[in-house]
Amino acid sequence: MKASVHAPPEATVLIRRRRVRPTRWATVRHATQFVLGDRALAPATLLLLALVVLAIFGPLVWSKDSLGIDIGNTLQAPTVTHPMGTDGVGRDILARFIGGARISLLTGLVVVLAGATLGSAIGVMAGYYGRWVDAVLMRIMDAILAFPPLILAMAVTVGLGVGVTTAAIGITLTSVPFYARLLRSEVVRLRTLPFVEAASALGATQRRIILRHIVPHLSSTLLVQAASVFGYAVLSLAALGFVGLGAQVPTPEWGSMITDGMQYTLTGQWWIGVFPGLGLLVAVTATSLISDRLRDILDPRGQARG
Amino acid sequence: MNTPVEQPTSDDAVLRVQHMRTEFVGDQGVVAAVRDVGMTVNRAEKVGIVGESGSGKSALALSILGLIEPPGRIVSGSVWLNGRDIPFRDDREMRRIRGKEISLIFQDPMSSLDPVKNIGDQIIEGIVWHQQGVSRRQARKQAVELLQDVEIPNAERRLHDYPHQYSGGMRQRIMIAIALANEPSVIIADEPTTALDVLTQAQVLDVLQRLVTERQVAVILITHNLGIVAEFCDKVQVMYAGRFVEQSMVDEIFYRPTHPYTEALLESVPRPDRLERGILPSIPGSPPNLARLPAGCSFEPRCSVGHGKQICKEQVPVSLTVGSPMRPVVAECHFARERFEHSAQHVEGAPV
Amino acid sequence: MLRTVINKLVGSVAAIFGASIISFVFLRVLPGNPARLIVGPLAPASSLLSVEKQMGLDQPVIVQYGRYMTSFLRGDWGFSYGAGVPVTTEMASRLPASLELGFYAFLLAFVAAVICALLATYRYRPVTDGVVRGTAFFGLSVPPFWFGLLALLLFFATWGILPGPEGRLSTSTTPPPSITHFYTIDALLHGQLSTFVDAVRHLILPAITLGLAPFSYLVRLLRANLLDVSREPFIIVVRSKGIGRFLAFARHALPNAFLPTLTAAGLVLAQLLSGSVLVEKVFNWPGVGALVTDSILRQDNAIVQTFILLSATAYVVVNLVVDILYGVIDPRVRIS
């Protein structure tokens, strides 16, 4: 009974319309209508969009320099000139907040793209070729999974040197097994389905089978996974930044901004540490809401789990 | 309401359900799964409830036991059991009645037993609960006897086994043992053989049949399998969209169905003589959306007789009792009388 | 049964082996020349060479890997140049604080998760369920270090109800004599009630902060499992025997829902391990996590490396134990 709550009538509309070969614009329009009609997706997507818009266009509207030191105006509480206040050396927090949004969202995006590409390549190869390819690739994935994720990301940055790039590499590496395992099992399942066997009986090459017949079926699985990895990436980058393994001073990165704000928080200058954390909270909450909701919609089996 | 089929031996009644109405709240609004339904079951009688899935059969079974969970609720109704009205909506009171006077055998033997508890504990649980002062050892002995009664070999030893170590048919017989543990007067068996193969089905039904005779327990058999009803039951109630649309003795229904829905159900059973003709008729359309029932007869959109007729579209049919007082047929159809009389003229020459 | 255990053991050993290679590559091969780190950037080439020889860096990579692993397994984890003592000593002195915090964080998370999951599923309560799900969602989305900071801002700086980031005890309180190294237990064992209260007060915020993520994870899992199990027909069958709702829940739904939760133990440990690095610093908790954060800033790599290796080891071991334990507890796995 409860499961049916998750199936909005809009979903059927979307599917039905798709059958009559819509124009690309119509698809976008229907997708938008669908998202806006959803109680959970609408606010989450709008929040995330707001952050994205802020990250892209923020610097055009808010021209203050995120690195500009102003010794005369240190530790200012939020005012009209500094809506989020200033930090210990007089830098404008809003400008740094926008800079942080850029770094976080961009890193999240890069990690998701890189991890998804690498992970699905590995997963599809392991699942499709089987035998020793599968064995070797999956043992490597097991080895990566033998670490607590954040700890492995730490190891990578220790090895490659601290910084946003190496942190992103570390986080990407830890996310690869998620995709690989998921896609491998999907491919193994799909490979035995009649339509793939039919294609191979018709003499299609393996590459063709993978690209034309298997990969399209994985897109929804991939999408859900990517959305949840995005939140994980943003949070991990901030964690690495917080302990000093990610972005280095004076880069405006949310995690390291919180580290910076720690010493001031207890003496009353709460705004230095609180705002970047809020940014993180919004970004991560929005993406996990989206990924949860997508999972419910795209995977009917998971619906009952809510 | 549905008038229960009044039997000549009605002093013998053990269970009488009246005005039962059960609703579920879903995203389409309130859905009535059971709509003001009544029935009577006599001692050692075997009553079949048939209908498509979603017709409200299981909801009725759970309603009688008072086991409807929110967001579902029992709106009205009364249950009379063993000579008195029972407070079937009071969970606390029902704990003393469930499993003792009326018990349940549930659909799927795979998921009807707790997978992490052994069979012995699951049988004993009900015995210890209802029989005050019974030691665990005595309860164990009873459990062994019960298992022997349902023909489980090596009962003593197999008490310690877990559900997954039994076959489907054995599990279903264990379910019967659990239901019988406290000698109830009524057992509700909800699709007890659906998940089993034909041979196992027959075995399980044999066991059930023997126990009915030996222990004089009444059985309400809920199923969509008309073959089982024909073989096992004395009386049939056909359920459609939360109502009993036809109630009569088993041979009556099979030889001359009065309600068009019953007829359609019978025709959709695969049988060799029909298969030769190469077609297996099915009922057009699908079961009605219970949230948006038609204004008139709920079967009208799919009915071969009444489809499109003014009266069927606009008026809800009342129960009509036709047939002899000894073998009454109750049907909710505007054309019940005509259909009954018409079939009476044909029945002699044409048994199905 | 024995076969599955052996299979799992082999799988785990393979995973540990792979993990040790990964850690060797990232912690020993890629960071460049560890000898240079020891002798300093200005040392002459001759002394660099002798240290390299001494450390075996002139040997083939495989031999180096062998040495690396044997010294790790022997507990020879190197020297902390930042603290001026062997890593083993430094770790050992910091471990009790982390263990105590981790223990209470886990206890809190577990108990709270069980209670909340029961509240959300025992009866049909859409509002309670919504609140529990929302909290869990928040707990998995919020950066723990920021949450800790916020907690300090409110409970210490603003309301002054709880102590600030001053470690395990107030500066005026002397630690109780060591028996278990858990201040709370030691204080009780010696009947020092005020010390006990002080220790507890200092534990509240860090434990909640550290426990938030495991709590959220566990409550989500338990809630979903309980919902699934309570919809199983066997619960209705149990109820049809006359067993009350509570007993049916306690005897049948809970054990069935708990079993799969056991497999989450590894993940919870991972959350506690990485959480300790993120949270201890915020509260100046004198544990291993804070030591690691400090060592990162001081570039005291021996400590960081050891922590990473130990975490991975603990993680693998816990996962293996859980796998085997699961087989022992679940009758379906146990017998087949």
Side-chain angles (χ1 to χ4, degrees), chain A residues 1-2 139-162 170 173 231 234-236 238-240 242-245 254-255 258-259 261-262 265-268 270 273-274 276-278 280-289 292 302 304-306, chain C residues 11-12 14-23 25-31 129 133 137-138 140-147 149-150 152-153 156-157 164-165 223-224 227-228 231 266-267 269-271 273-274 277-278 281-282 292-293 296-297 301 304-305 307-309 311-312 315-316 319:
Chain A
M1 282 144 261
K2 202 133 188 267
R139 286 300 82 74
I140 296 175
M141 295 302 111
D142 283 349
I144 294 177
L145 287 171
F147 289 91
L150 193 66
I151 307 281
L152 178 59
M154 283 172 63
V156 173
T157 48
V158 168
L160 300 180
V162 294
L173 186 71
V234 169
L235 205 56
S236 301
L240 290 175
F242 175 78
V243 296
L245 286 171
W254 285 342
I258 296 176
T259 318
M262 230 163 50
T265 301
L266 302 183
T267 52
W270 53 270
V274 167
L278 264 171
L280 278 171
L281 185 64
V282 168
V284 179
T285 310
T287 44
S288 19
L289 264 175
D292 269 24
R305 298 189 153 264
Chain C
S12 301
I16 294 173
F17 180 67
S20 72
I21 291 177
I22 292 177
S23 70
V25 169
F26 279 107
L27 298 179
R28 198 60 176 269
V29 180
L30 289 180
D129 190 37
R133 287 175 71 187
F137 215 94
F138 172 79
L140 287 176
S141 303
V142 71
F145 43 94
W146 182 70
F147 181 81
L149 202 61
L150 226 54
L152 279 176
L153 181 64
F156 169 63
R223 178 192 162 275
L227 268 188
D228 278 358
R231 289 197 189 116
L267 253 154
L269 177 77
Q271 280 171 326
L273 281 170
S274 31
V277 178
L278 301 176
K281 188 70 193 144
V282 178
V292 170
T293 336
I296 288 170
L297 296 177
N301 271 356
V304 182
Q305 289 183 9
F307 176 74
I308 290 169
L309 278 177
S311 302
Y315 188 55
V316 172
N319 275 330

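By convention in this document, chain letters (A, B, ...) are assigned in the order of the sequence lines, proteins followed by strands, and residues within each chain are numbered from 1.
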Measuring heavy-atom distances to chain C, does A:L145 have an atom under 4.5 Å in its side chain, in its backbone, in both, or in neither?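 Interface part for A:L145: backbone (N, CA, C, O).
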
From CA spacing to verdict: side chain to side chain contact (heavy atoms under 4.5 Å, CB included), A:V274, C:W146: CA-CA 7 Å; A:V274 167; C:W146 182 70; 4.2 Å; yes

Contacts under 3.5 angstrom, residues 146-158 of chain A side chains, donor-acceptor by atom type, not counting sequence neighbours:
| residue | atom | partner | partner atom | Å |
| --- | --- | --- | --- | --- |
| A:T157 | OG1 | A:A153 | O | 3.2 |
| A:T157 | OG1 | A:M154 | O | 2.8 |

In the structure I gave you, are the side-chain heavy atoms of C:L140 and A:S288 within less than 4.5 Å of one another anywhere?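 The answer is no, as the side chains (C-beta and beyond) never meet within the 4.5 Å cut-off.
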
Should A:W270 and C:L149 count as side-chain neighbours, where that means a heavy-atom distance under 4.5 Å?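 No, their side chains stay 4.5 Å or more apart.
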
For C:N319, enumerate each residue passing the side chain to side chain donor-acceptor pair (under 3.5 Å) test, keeping only those at least two apart in sequence or located in another chain.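 Per chain and number, C:N319 pairs via side chain to side chain donor-acceptor pair (under 3.5 Å) with no residue.
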
Check each atom of [X] against the heavy atoms of chain A and say whether the ones under 4.5 Å are side chain, backbone, both or neither.
X: C:V304; answer: side chain
X: C:L152; answer: both
X: C:I21; answer: neither
X: C:I296; answer: side chain

Hey, what do you get for CZ (A:R139) to CZ (C:F17), rounding to the nearest 0.5 Å?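 Taking CZ in A:R139 and CZ in C:F17, the distance rounds to 13.0 Å.
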
Does the pair A:F242 and C:V282 meet the rule for a side chain to side chain contact (heavy atoms under 4.5 Å, CB included), with working shown? CA-CA 10 Å; A:F242 175 78; C:V282 178; 3.7 Å; yes

If I compare all heavy atoms of A:L266 with all of C:F156, which pair ends up nearest, and what's the gap?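 Of all heavy-atom pairs spanning A:L266 and C:F156, the closest is CD2-CD2, 4.1 Å.
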
